[in-house]
Structures are given as C-alpha cells and as structure tokens.
Q: 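Have a look at this one before I ask anything.
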Amino acid sequence: MAEFQTKVVVQTQVEGLHYWENCNIEEVSFLAYPHRHIFYIRLEKEVVHDDRDIEIIKLKRDILEYINYKWFDIEKNIVNFNGLSCEMIAKKLLIKFKADKVEVLEDNENGAIVC
C-alpha cells in the first residue's frame, strides 16, 4: 500500500505596509519608504490523520489573529510590517505555526517561500 503525506493548506491576505530601509538600488529607491501591498499568505502544515488533525478554518483565524496582534497599527488602521521583507514575514509565520512551508507574496505577484 502506498504511503501518503498529507498537508493542510491555508490561504489568506492582509492589507499592509512595509519598507526596505537599506534599499541601495536607485530605480526602486521608493522601496525605502513605507508602501502598501496586499500580502498574500499561504501556509502548509503536515497532518498525521485525515479527521481534522488541524481544523483549517481555526488555523486561518489563528494566523490572522497573530498577524493583527503582532503588527496591527491602530494609528494607521493597517497591518504595519515595518522593515520586514516577505522572507522575514514568512519565516516568522513558519516558526510560530510550526509549518512546513509559508509563502508570502506582495499583491499576489512577487515574494518569497520559506520551507
């Protein structure tokens, strides 16, 4: 009988700000200043059985709750990742949720995958 590896997948998105403080590339120098994106987040986590080992709706809510707890800026009324790159955000989520893989994309175009 074949062995299977099963993972749950959660996808969500948040409106947020970030910047690249040490940007030294003239043609994208605007990245050194806070700018807005829709951050698309996809998290994969292995499960050991098929009967809600991890409840996916709750996991998605937990991810959004964590993001808002850590980075929501009340004054700006938006998630503010400050100087965090997509790679850094993905790594923090990977560690917090003990995930196998996290993808963070800016505007569903460019970003990073951390495994």
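Values reported hereafter were calculated over all heavy atoms of this structure, with side chains retained and with hydrogens, waters and symmetry mates removed.
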Q: Do NZ/NE/NH1/NH2 and the carboxylate oxygens of K101 and E103 come within less than 4.0 Å?
A: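 Here K101 does not pair with E103 in a salt bridge, since their nearest N and O are not under 4.0 Å apart.
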Q: Heavy atoms only: give me the nearest F97-L43 pair and the separation to one decimal.
A: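 Heavy atoms only, the tightest pair is CB-CD1, 4.0 Å.
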Q: Would the number of heavy atoms belonging to other residues, nucleotides or ligands and lying under 6.0 Å from CZ of F30 be above 12?
A: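 Yes, the 6.0 Å shell around CZ holds more than 12 heavy atoms from other groups.
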Q: Could you tell me whether a side-chain N or O of K45 sits under 3.5 Å from a main-chain N or O of V9, the two making a donor and an acceptor?
A: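 Side chain of K45 to backbone of V9, a donor-acceptor pair under 3.5 Å: no, none is there.
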Q: Check V114 against K91 and note the closest heavy-atom contact, atom names and distance.
A: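 Closest heavy-atom pair between V114 and K91: CG2-N, 4.1 Å.
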Q: When Ile, Leu, Val, Met, Phe, Trp and Tyr are grouped by side-chain heavy atoms lying under 4.5 Å apart, directly or through other members, which residues fall in the same group as Y40?
A: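 I38, L105, all in the cluster of Y40.
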Q: Answer yes or no: are there more than 12 heavy-atom neighbours, outside K70 itself, under 6.0 Å from its atom NZ?
A: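 No - once you tally the heavy atoms of other residues, nucleotides and ligands closer than 6.0 Å, there are 12 at most.
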Q: Suppose we call two aromatic rings close when their centres sit under 6.0 Å apart. Are F39 and W71 close by that rule?
A: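 Not under 6.0 Å, so no.
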Q: For residues H37 and E15, is any side-chain donor paired with an opposing acceptor at under 3.5 Å?
A: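 Side-chain D/A pair, H37 to E15: absent.
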Q: Assess whether atom OH of Y33 is packed by more than 12 heavy atoms of other residues, nucleotides or ligands within 6.0 Å.
A: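 No.
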Q: Which residues pass the salt bridge (Lys or Arg N to Asp or Glu O under 4.0 Å) test with D100, sequence neighbours left out?
A: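 Scan of D100 (salt bridge (Lys or Arg N to Asp or Glu O under 4.0 Å), adjacent residues dropped) gives none.
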Q: Hey, are the side chains of V79 and I67 touching, using non-hydrogen atoms and a 4.5 Å cut-off?
A: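 Yes; the side chains approach each other to less than 4.5 Å.
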Q: Using the test side chain to side chain donor-acceptor pair (under 3.5 Å), find all partners of R61 that sit at least two apart in sequence or belong to another chain.
A: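 Applying side chain to side chain donor-acceptor pair (under 3.5 Å) to R61 gives none.
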Q: Would you please name every residue forming a salt bridge (Lys or Arg N to Asp or Glu O under 4.0 Å) with D53, sequence neighbours left out?
A: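 D53: no salt bridge (Lys or Arg N to Asp or Glu O under 4.0 Å) contacts found.
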Q: Which heavy atom in V10 sits nearest to a heavy atom in I56, and how many Å separate them?
A: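 Here V10 and I56 meet closest at CG2-O, 3.8 Å.
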Q: For R52, enumerate each residue passing the salt bridge (Lys or Arg N to Asp or Glu O under 4.0 Å) test, keeping only those at least two apart in sequence or located in another chain.
A: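 Here the qualifying residues are E55.
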Q: Go through the structure and list residues passing salt bridge (Lys or Arg N to Asp or Glu O under 4.0 Å) with E46, not counting sequence neighbours.
A: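 Testing E46 for salt bridge (Lys or Arg N to Asp or Glu O under 4.0 Å), a comparison that skips the adjacent residues, returns none.
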